[in-house]
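In each ligand, atom 1 is the first atom listed, and ligand 1 is the first ligand listed. From a predicted model like this one, the values you see are computed outputs, not experimental measurements.
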Amino acid sequence: MTTQTLGVVMNGVTGRMGYRQHLVRSILAIREQGGVALADGSRVVLEPVLVGRDADKLRAMADRHGIAAWTTSLDTALADPANTIYFDAQVTTARERAIHAAIAAGKHIYTEKPTAETLTGALDLARAADAAGVKHGVVQDKLFLPGLLKLRRLIQGGFFGRILSVRGEFGYWVFEGDWQAAQRPSWNYRAEDGGGIVVDMFCHWSYVLENLFGRVEAVTAKAVTHIPTRWDEQGREYPATADDAAYGIFELAGGVVAQINSSWAVRVNRDELVEFQVDGTEGSAVAGLRRCRVQHRSATPTPVWNPDLPVTESFRDQWQEVPDNAGDSGFDNGFKVQWEDFVRHVVSDAPFAFDFLAGARGVQLAECGLRSSAEGRRIELPVLDGKSA
Ligand SMILES: NC(=O)c1ccc[n+]([C@@H]2O[C@H](COP(=O)([O-])OP(=O)(O)OC[C@H]3O[C@@H](n4cnc5c(N)ncnc54)[C@H](O)[C@@H]3O)[C@@H](O)[C@H]2O)c1
């Protein structure tokens with residue numbers, strides 16, 4: 001069996017996403033399984049090169065996982081021709097500059113979202129990557145969640161009839177950081193450091209809505225900062241300058257209306273941290289991270305509004321669980337699946353839909369959502385095509 005080895009420069013691996021989802025659950029898991037299998041039966045082995053600002057942290061991480069290469073110099077890592085792919089999971093504000101350097105060094109690029117801080121920056125990256133002839137991709141992990149894979153299966157199977165609307169609830173309480181430690185990094189709550197829930201989550205809603213229901217054509221959003229003061233990793237009080245909740249209406253090509261609430265200032269009374277209810281003429285579904293339940297029109301009860309009587313039926317029990325049907329191995333980690341797809345795209349030109357232009361559409365939705373909120377009006381999203389990039 002033939003095997004080839006690709007060096008993967010991984011920048012930002014000491015962070016939450018870089019370490020857990022990308023290094024441990026993706027790259028090291030792929031190494032453990034003997035590489036990425038290609039259609040011709042050969043394999044691609046990935047050799048991570050850890051890049052970051054803190055030598056001690058990188059050395060400890062490399063030792064812990066038996067990784068040979070690490071450096072605090074991005075330029076050194078990019079200069080090595082054995083390193084074919086550059087991956088970025090740094091804080092968002094550090095991303096554009098590093099990716100431009102990697103494109104200039106001829107690397108193929110895979111990155112966390114958002115690809116850039118502004119639409120202009122995101123389109124510049126797409127244009128630069130195309131001009132350099134390198135492959136590019138952006139993480140779109142939510143599409144690979146078991147709950148959303150089941151939802152996609154329902155759509156493809158025609159379960160819903162005509163889809164009318166989508167209602168999404170995303171969120172949980174993020175502690176302020178004074179009497180209990182915050183479970184997210186403090187930069188998420190500072191606009192000047194690239195924070196904010198619109199920038200963070202609208203990139204996700206862009207590709208989720210586009211891939212399942214239709215491209216977002218217009219957005220009306222209200223972004224707010226519910227918690228104005230927080231405490232950082234060092235216990236220092238700081239003003240939260242970024243939005244921590246966003247209430248959005250998204251009008252989709254084809255006529256579906258989606259409403260999604262995103263909040264880090266809400267307590268969970270749901271089955272999962274994100275849930276989407278989809279209502280169609282033939283049936284409805286509620287999909288979360290892992291589960292998906294349906295109610296067909298033939299099994300829809302007749303609720304009758306009568307506030308004088310206590311509720312007599314358990315509405316949640318009137319829904320049916322969609323089975324996994326995912327084979328013996330179950331659903332694989334979505335980040336890992338997408339990494340494998342990107343490697344096949346780089347090595348054997350397999351199709352990969354989630355490129356920098358798709359990433360730019362995510363940034364565009366965030367930008368238009370913030371503008372809608374600031375100006376108090378509905379914003380239409382121009383179609384971005386290769387030419388505008
Ligand atoms: N796909 C997803 O579901 C998802 C979820 C969360 C975050 N993200 C994205 O991943 C990226 C990282 O987010 P995170 O939550 O892992 O953040 P984090 O704060 O945990 O990690 C940030 C990383 O960037 C590095 N870094 C480089 N320059 C820095 C600087 N000037 N200041 C501070 N840190 C710097 C840090 O050392 C660290 O390795 C962000 O772009 C974020 O939007 C994606």
Side-chain angles (χ1 to χ4, degrees), residues 9-26 48-62 70-74 77 86-99 101-102 109-118 121-122 125 137-145 147-148 170-172 174 177 181-208 230 232-234 238 242-244 262 264 273-274 289 333-339 342 354 358-359 362-363 365-366:
V9 177
M10 300 189 76
N11 200 358
V13 271
T14 58
R16 271 181 344 134
M17 296 311 292
Y19 180 68
R20 182 81 204 132
Q21 295 301 341
H22 293 286
L23 182 64
V24 175
R25 302 276 283 141
S26 298
V49 179
L50 310 184
V51 177
R53 298 168 303 160
D54 186 327
D56 291 340
K57 281 191 193 164
L58 293 172
R59 185 184 302 111
M61 192 180 284
W70 62 268
T71 175
T72 54
S73 163
L74 177 60
Y86 172 75
F87 169 69
D88 195 296
Q90 296 186 98
V91 287
T92 308
T93 47
R95 180 157 301 137
E96 274 174 73
R97 200 150 62 95
I99 292 183
I109 316 285
Y110 188 48
T111 181
E112 259 299 348
K113 44 54 62 175
T115 52
E117 288 182 88
T118 61
L125 282 179
V138 59
V139 173
Q140 301 200 325
D141 52 289
K142 305 288 178 273
L143 287 176
F144 298 85
L145 291 168
L148 293 200
F170 163 85
Y172 47 91
V174 176
Q183 67 272 40
R184 295 183 62 89
S186 60
W187 66 265
N188 285 181
Y189 303 92
R190 292 189 296 267
E192 60 277 23
D193 291 336
I197 203 162
V198 170
V199 169
D200 195 352
M201 295 313 298
F202 278 28
C203 308
H204 289 297
W205 305 150
S206 165
Y207 67 76
V208 166
R230 290 181 176 271
D232 70 11
E233 290 77 3
Q234 282 73 43
Y238 67 94
D243 43 284
D244 57 13
S262 316
W264 288 318
L273 295 193
V274 67
L289 296 168
N333 177 289
F335 289 88
K336 173 169 168 270
V337 172
Q338 224 193 332
W339 261 103
F342 186 70
F354 313 126
V363 176
L365 182 58

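- Close approach to Gly12 involves these atoms of ligand 1, each under 4.0 Å from a residue heavy atom: 39 (O).
- Of the possible polar contacts, none joining the Gln140 side chain to the Tyr207 backbone as a donor-acceptor pair under 3.5 Å is found.
- Nearest protein heavy-atom neighbour of atom 24 (O) of ligand 1: Val91 N, 3.1 Å.
- Contact annotation: for His204 versus ligand 1, heavy atoms closer than 4.0 Å belong to the side chain alone.
- Atom 12 (C) of ligand 1 has as its closest protein heavy atom Ala89 O, 3.4 Å.
- When only non-hydrogen protein atoms are considered, atom 3 (O) of ligand 1 lies nearest to Lys142 NZ, 3.0 Å.
- Using 4.0 Å as the threshold, Arg184 has no heavy atom nearer than that to any atom of ligand 1.
- The closest side-chain donor-acceptor pair between Trp187 and Thr93, if any, does not fall under 3.5 angstrom.
- Between Pro185 and Glu233 the shortest side-chain heavy-atom distance falls below 4.5 Å.
- Salt bridge present: Arg184 and Asp200 bring a charged side-chain N and a carboxylate O closer than 4.0 Å.
- When only modelled atom types and interatomic distance are considered, Tyr86 and Asn11 share a side-chain donor-acceptor pair under 3.5 Å.
- Annotation: atom 9 (C) of ligand 1 to nearest protein heavy atom, Lys113 O, 3.4 Å.
- Looking only at protein heavy atoms, the nearest one to atom 10 (O) of ligand 1 is Glu112 CG, 3.5 Å.
- Of all protein heavy atoms, the one lying nearest to atom 39 (O) of ligand 1 is Thr14 OG1, 2.6 Å.
- For atom 21 (O) of ligand 1, the nearest non-hydrogen atom of the protein is Gly15 CA, 3.1 Å.
- Contact check for Lys142 versus His204: side-chain heavy atoms found under the 4.5 Å cut-off.
- Not a single donor-acceptor pair under 3.5 Å links the side chain of Arg230 to the backbone N or O of Tyr238.
- Evaluated by nearest non-hydrogen atom to atom 36 (C) of ligand 1, the leading choice among Arg53, Lys57, Arg95, Met201 is Arg53.
- No side-chain donor from either of Arg95 and Thr115 sits under 3.5 Å from a side-chain acceptor of the other.
- Within the set Arg16, Met17, Gln90, the minimum heavy-atom distance to atom 11 (C) of ligand 1 is found for Gln90.
- Close to ligand 1: Trp187, with a non-hydrogen atom less than 4.0 angstrom away.
- With ligand atoms numbered from 1 in the order given, ligand 1 contributes 43 (O) to contacts under 4.0 Å with heavy atoms of Pro114.
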